[in-house]
Asker: 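Below you will find the structure I want to go over with you.
Below, each value reflects all heavy atoms present in this structure, side chains not excepted, and no hydrogens, waters or symmetry copies.
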Protein chains: 2
Amino acid sequence: MTDKMFMGASTKQGLDIANKSREIIRGLIGDDVKDLEPIERDIVERIVHSTADPEYAKLVKISPDFVDAAMASLRNKETILTDINMVKYGITRYEGEVECYIKNEEVVKIAKENQITRAAAAMRYAASNDFEGIVVSGNAPTAVFEAMDLYAKGEMNLKAIVGVPVGFVGAADSKEALHNSEIPNIIVEGPKGGTPIAVACVNSLIQHL
Amino acid sequence: MTDKMFMGASTKQGLDIANKSREIIRGLIGDDVKDLEPIERDIVERIVHSTADPEYAKLVKISPDFVDAAMASLRNKETILTDINMVKYGITRYEGEVECYIKNEEVVKIAKENQITRAAAAMRYAASNDFEGIVVSGNAPTAVFEAMDLYAKGEMNLKAIVGVPVGFVGAADSKEALHNSEIPNIIVEGPKGGTPIAVACVNSLIQHL
């Protein structure tokens, strides 16, 4: 990552703002991230940058194999599969595919037939359509549970999960389950999470390619 | 708004989660929102739903004319202009146009020539291309400042600003300036804000159309 690219800034004014922001963030969360690897630290800094919420420095948990597994997948230009379109459109500068199937007709059908969320149905759809890559959930705990389940059954070729769904119902449980699994993962403890957290994590990794 | 549509849920499982979430949120922030009008309360509940951060109930400030001005604009199917694409793709079920010009070639040129951010340049571009509607900024304080400036000069036909940019540099100032202006507005006090807050606000209004 060059300083020029930090936080996606592409103009002089944008870059000045990004650099000043980084200084402030380091002042706020330096102690929390001092034991992290450089890429892990960048991820956490970018999450705090995109939420202005320093509490994330305490809540983000990264499995020891996450960065290596995710970077290998991204280097191979494997697919990034997001739970909702907002996350998809926040991910920038990736040379591989970024997919979201939540509005796919087949997915809507699978959801109705099985009485599951469209986010979960989209995982089933991807798994049965040769998906290989990273699952990114910023919103739907049901997507995380479904991806874990498909992985456990050997039906989904996923390399890592960015599991940061937000909400008071199911989100914390899904993230705890993911963090206790053998899948390389990054999570946010508790109900907090969401699109900006998912996007910050992925874009941070992409900048290190 | 029907209960069926709450929070965008469209399946039985999604609806159950949304309803349980709403109960929990009302327990957490009921006191903070008890003096708000029903639509204002829905906006704040949806913001807390999409961030799992009850602090937003204390930080969101809505000008008394915001809901009426924004609803009138949306009823007329005027344009929703967002600062970044992530916000654009989070807005759903709107029958008018949702536009974002940050990647427009002309905008990139304006930004370079004037040494301003692309987010600010996009406001100038919209203003000089017959924009009429609501400006929604979830990320760039420079977009808020520029839109306010264009409005003050009589050069931008905006009806309301959803001004919830996030960040430690400039964001709080831009929001305070906006809230002290005569433009109908909703803001978040301090550095917090971001895409989910902007999207929650707009989607909540759309559900009340």
Side-chain angles (χ1 to χ4, degrees), chain A residues 7 9-14 16-25 27-28 48-55 84-92 100 108 111-112 114-121 138-142 165-172 188 190-196 199, chain B residues 7 9-14 16-25 27-28 48-55 84-92 100 108 111-112 114-121 138-142 165-172 188 190-196 199:
Chain A
M7 308 299 187
S10 66
T11 62
K12 172 78 169 63
Q13 196 188 351
D16 288 347
I17 293 170
N19 283 331
K20 200 170 162 193
S21 173
R22 178 149 64 171
E23 259 178 55
I24 293 169
I25 290 165
L28 287 169
V48 173
H49 173 83
S50 69
T51 55
D53 185 350
E55 196 191 0
I84 63 167
N85 275 308
M86 239 199 313
V87 174
K88 172 177 168 173
Y89 286 99
I91 295 170
T92 53
C100 173
V108 175
K112 275 197 184 142
N114 298 279
Q115 287 289 303
I116 57 175
T117 65
R118 285 183 296 149
N139 299 269
T142 52
V166 59
F168 296 105
V169 184
V188 172
K192 280 188 180 178
T195 295
V199 167
Chain B
M7 309 299 188
S10 66
T11 61
K12 171 79 169 63
Q13 195 187 353
D16 288 346
I17 292 170
N19 283 331
K20 199 169 164 195
S21 173
R22 177 148 66 172
E23 259 179 55
I24 293 169
I25 290 166
L28 287 169
V48 172
H49 174 82
S50 69
T51 56
D53 185 350
E55 196 190 0
I84 64 167
N85 275 310
M86 238 199 314
V87 175
K88 173 176 167 173
Y89 286 98
I91 296 170
T92 52
C100 173
V108 175
K112 273 197 184 144
N114 297 278
Q115 286 289 302
I116 57 175
T117 64
R118 286 183 295 149
N139 299 269
T142 51
V166 60
F168 296 104
V169 183
V188 172
K192 280 188 181 178
T195 295
V199 167

Asker: Roughly how far, to the nearest 0.5 Å, is CG of A/D16 from OG1 of B/T117?
Answerer: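 Separation between the atoms: 11.5 Å.
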
Asker: Identify which part of B/V199 has an atom lying under 4.5 Å from any heavy atom of chain A, answering side chain, backbone, both or neither.
Answerer: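 When you check distances to chain A, only side chain atoms of B/V199 fall under 4.5 Å.
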
Asker: With the side chain counted from C-beta on, respond yes when B/I17 and A/T142 share a heavy-atom pair under 4.5 Å apart, and no when they do not.
Answerer: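 The answer is yes, as the side chains (C-beta and beyond) meet within the 4.5 Å cut-off.
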
Asker: At a heavy-atom distance under 4.5 Å, which candidate from A/N85, A/D53, A/V87, A/T195 has the highest pair count against chain B?
Answerer: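 Looking at each option in turn, the highest pair count goes to A/D53.
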
Asker: Measure the shortest side-chain to side-chain distance between A/T51 and B/K192 over non-hydrogen atoms and say whether it is less than 4.5 angstrom.
Answerer: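 No, side chains not in contact.
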
Asker: With a 4.5 angstrom heavy-atom cut-off, is it the side chain or the backbone of A/I24 that approaches chain B, or both, or neither?
Answerer: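 Only the side chain of A/I24 comes within 4.5 Å of chain B.
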
Asker: State, to 0.1 Å, how close A/A52 and B/G167 come at their nearest heavy-atom pair, and which atoms those are.
Answerer: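 Heavy atoms only, the tightest pair is CB-N, 3.9 Å.
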
Asker: Between atom CG of B/L28 and atom CZ of A/F168, what is the distance when rounded to the nearest 0.5 Å?
Answerer: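 Result: 5.0 Å between the selected atoms.
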
Asker: Looking at NZ of A/K88 and CE of B/M86, how far apart are the two atoms once the value is rounded to the nearest 0.5 Å?
Answerer: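 It comes to 14.5 Å.
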
